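First up is the structure itself, then whatever we jot down about it.
Please read these numbers as outputs of a predicted model, since none were measured by experiment. As a basis for the values below, the full set of heavy atoms in this structure was taken, side chains included, without hydrogen atoms, waters or symmetry mates.
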Amino acid sequence: MWQYRRKKEMAKRILAAGLGFCLLISSTGCARPANAAGTVSDGGRISYEKAVSEGMKASETVGKEETVYVIAAPDGEAKEVIVSSWLKNGDKKDRIEDVSDLRGIENVKGDETWEEDGDGRLVWQADGKDITYRGTSEKELPVSVRLSYKLDGKDIRPEELAGKSGTVTIRVSYENREKSGEVYTPFLAATGLVFSGGQVSHVESDSAKVITEGDRIVVAGMGFPGLAKSLAVGDVKEADVRDIFPDSFEVTMEAEAFSLDMTMTMVTGMEEMLESEKWDADSAKEELGGMVDTLTENTEKLVQGGKDLSEGSGKLSENMSVLSEGSRTLKDGVTAYTDGVSELKDGADALAKGAGRLAGGVSSLSDGLGEAASGADRLTAGYEGESGALAGASALETGAVQLKEGTDVLAAGIDQAASGAGAAKEGSARLKAGVEDLAGMLAGTADTLKQQMAGYQAQLSQVQAGLEQIRQMEDSLASQGQTLDEATRRQKEGLLETKGQLEGALAALAEVLHTLESGNGGLTQLTEGAASLDNGLADLSQGMSLLQGGAAEVQGGAGRLSDGAGALAGGLDQLYQGTKALQGAFGSLKGGSSALKEGMNTLLEGSGKLQDGVRTLDANSAALKEGVSSLTEGSEALSDGAEALFDGARQLSDGLETLNEEAILKLKDLYEGDLSELADRLEAVREAGKNPSSFSGRAAGTEGSVKFIIRTEAIG
């Protein structure tokens, strides 16, 4: 019996290879093709590792596994070769020795360092960990893929085929350059071709599988490069073996503006399919039947694994709808966010305009307060000095007393009294005019203060409205788990500070207005005193004319005059004190207005920065919306790809059944007459496939494996 070593691991590897290939093919619906230079981003390379390298991990815990990624032209000509090497450290060694001829080596899964010891020998400081590194190579590949194209039966170069219409034939062939004695190292190659956009139809192939999903078509074919040449023995022709183990396939289609998204080829060794615990070439005739039985048994296991894969991919397809629905919900949320940014932009523009008008009003207030303070200074100066109102009132009071005391000499000083009465009448007129001017000035000042207070109140309302807009924006961001940006927070702080300054200014103006209104009482007394003075002077004039007949009446009038003069002096003193208080208040108010003016300048600057920031947000909203739309479309395409994977898994299961029914049984029938020579040739193939040579190098005594992923660029 030809018994396989690690049968379970072999089945898992073959299933993983099929899964990795299907993932690569189905994911191309969302992937971008390589650019004109043939390079590919790190993100693309990581995607390959996830889809293939990790999906094809060997069961061994020690050794070296290489994955060679090839970026090729549409005809298969290699343009860039990137090699990922995985050093498995199952023994948890501190240091791992390796051999590699790669260029630009870099550690891609850790920060472990290495030293070069000449002749490509590397010593890694592993510290018990696995090492995965990457580099580039310019070596020739042991297995290559070639794609040739025909349009309406005539050969055509791929770059000339783009956009053409007609019957297109694509031939995919594999060439094995790695030989051991008379046989080639056995490899399995699988290629997928991806078409989308509805440019091709009626796709058919001689041996490959054709999978259609919407307007996307995937063609998956496989080959065994060099195996037919290795197994052509005796009377068995190479062409007969190639019918079972082909090294090429063709696909034809009708094209309308032809384009090809990409092709992806996976090449892996067949060592585990051919490796056995014991092989006795002399007893090959007896053992060949058992070998075929074992191959059949393992193929049946693969068929069962394919069914399990089909069920798992079906569950994946079901769950992809949840991802698609989540992306649509995210798209709705981003739309609401961008709408809010647009509203915030309108509010920021309005705030900037309001801040400009408010700054102008504060400047006018500061200038008006300066003029009011100057007027208060002039009013105070009118009270003081030898010619001031206070001095005149004092003199009037003294003269009235003297008049009262001098009633007994009234007759002798009647001429002087008449002259004094005239002067008093003129002074009374000036006093009355001054009182009227003062009353008008105070009334005007009170009106000015009320207007300024109304302006402050309007500005305070604008600031409060701006704060309310920021509060609403803050609530909206909080509901999304976000906070205000730095510019908006500074604007909020500036508005709060301005609000406090406006409220303080309103309170100060209210206090000054109260003082002015309180001083109206003294002004009323002054007005009444002036009226009494006028009456007294009138009485004095009458008394002067009747002085000869009523000295007693003059004495009584002098007493009333003395009382009125005292009241006048007291009222003027009260008015003077009120004016001094008003003067001090104007000084404080002017200082506050300067601080307010400075704050308004800060507010104006902050509102400008807020306006610029919000405009930037608004300008980027369109890009954010577009990105989320792309995400939604991508998730839907991924959902479609999961469905395609489900179909591909079923196709894989069917293909394994076909392999079991046709290839294995045909192989048995084909070699019934040449068992001895076949045994020798199979032994040679098995030995060649035990441990294929490494691509970039391998330390002596180290087991390992190598596989190749070849990706061609798009056409059209």
Side-chain angles (χ1 to χ4, degrees), residues 340-373 445-479 482-517 584-618:
V341 169
S342 179
E343 294 178 1
L344 177 60
K345 175 179 176 294
D346 296 338
D349 292 340
L351 176 62
K353 292 179 181 179
R357 293 194 296 269
L358 185 58
V362 169
S363 179
S364 299
L365 172 63
S366 179
D367 296 340
L369 287 175
E371 295 178 0
T445 301
D447 292 341
T448 299
L449 289 178
K450 290 178 180 179
Q451 293 176 0
Q452 294 295 338
M453 289 179 69
Y456 278 6
Q457 189 61 48
Q459 296 167 14
L460 181 60
S461 298
Q462 291 180 348
V463 171
Q464 289 174 335
L467 285 171
E468 178 61 20
Q469 288 181 346
I470 293 177
R471 184 193 66 78
Q472 293 176 359
M473 179 178 66
E474 191 172 19
D475 292 343
S476 176
L477 290 174
S479 66
Q482 303 180 26
T483 60
L484 292 174
D485 56 35
E486 185 63 23
T488 306
R489 285 197 294 270
R490 288 198 301 269
Q491 179 195 359
K492 179 180 178 182
E493 292 172 359
L495 288 175
L496 289 172
E497 182 179 356
T498 301
K499 178 175 176 290
Q501 292 175 350
L502 288 173
E503 289 175 346
L506 284 171
L509 288 175
E511 183 178 352
V512 172
L513 183 61
H514 177 71
T515 302
L516 288 176
E517 291 175 347
F586 272 129
S588 300
L589 188 59
K590 185 176 181 181
S593 68
S594 298
L596 177 61
K597 186 175 182 180
E598 182 178 353
M600 282 309 306
N601 290 334
T602 302
L603 171 62
L604 188 61
E605 181 180 357
S607 64
K609 292 180 179 179
L610 171 64
Q611 190 177 33
D612 293 340
V614 172
R615 285 177 177 173
T616 301
L617 283 178
D618 187 61

(message) I'd like to know whether CD of E503 has more than 12 heavy-atom contacts from other residues, nucleotides or ligands below 6.0 angstrom.
(response) yes
(message) If I take atom CE from residue M473 and atom CD from residue Q482, how far apart are they, to the nearest 0.5 angstrom?
(response) 11.0 Å
(request) Indicate yes or no: at least one non-hydrogen side-chain atom of M453 is less than 4.5 angstrom from one of Q457. (result) no
(request) Rounded to the nearest 0.5 Å, what's the gap from CZ on R490 to CG on D485? Could you check? (result) 8.5 Å
(message) Under 4.0 Å between a side-chain nitrogen and a carboxylate oxygen: does that hold for R471 and E474?
(response) no
(message) Which heavy atom of L467 sits nearest to which heavy atom of K492, and what is that distance?
(response) CD2-O, 3.9 Å
(request) Nearest 0.5 Å please: distance from the OG1 atom of T448 over to the CD atom of Q452. (result) 7.0 Å
(request) Starting at CG of L496, measure out to CD of Q464 and round the result to the nearest 0.5 Å. (result) 10.5 Å
(request) Give, for atom CD of E468 and atom CG of L495, the distance between the pair rounded to the nearest 0.5 Å. (result) 12.0 Å
(request) Please confirm whether the backbone N or O of Q472 pairs with a side-chain atom of S476, one donor and one acceptor, at under 3.5 Å? (result) no
(message) Testing the basics here: between T483 and L477, what is the closest heavy-atom pair and its distance to 0.1 Å?
(response) O-CD1, 3.7 Å
(request) To the nearest 0.5 Å, tell me how far K499 NZ sits from L502 CG. (result) 9.5 Å
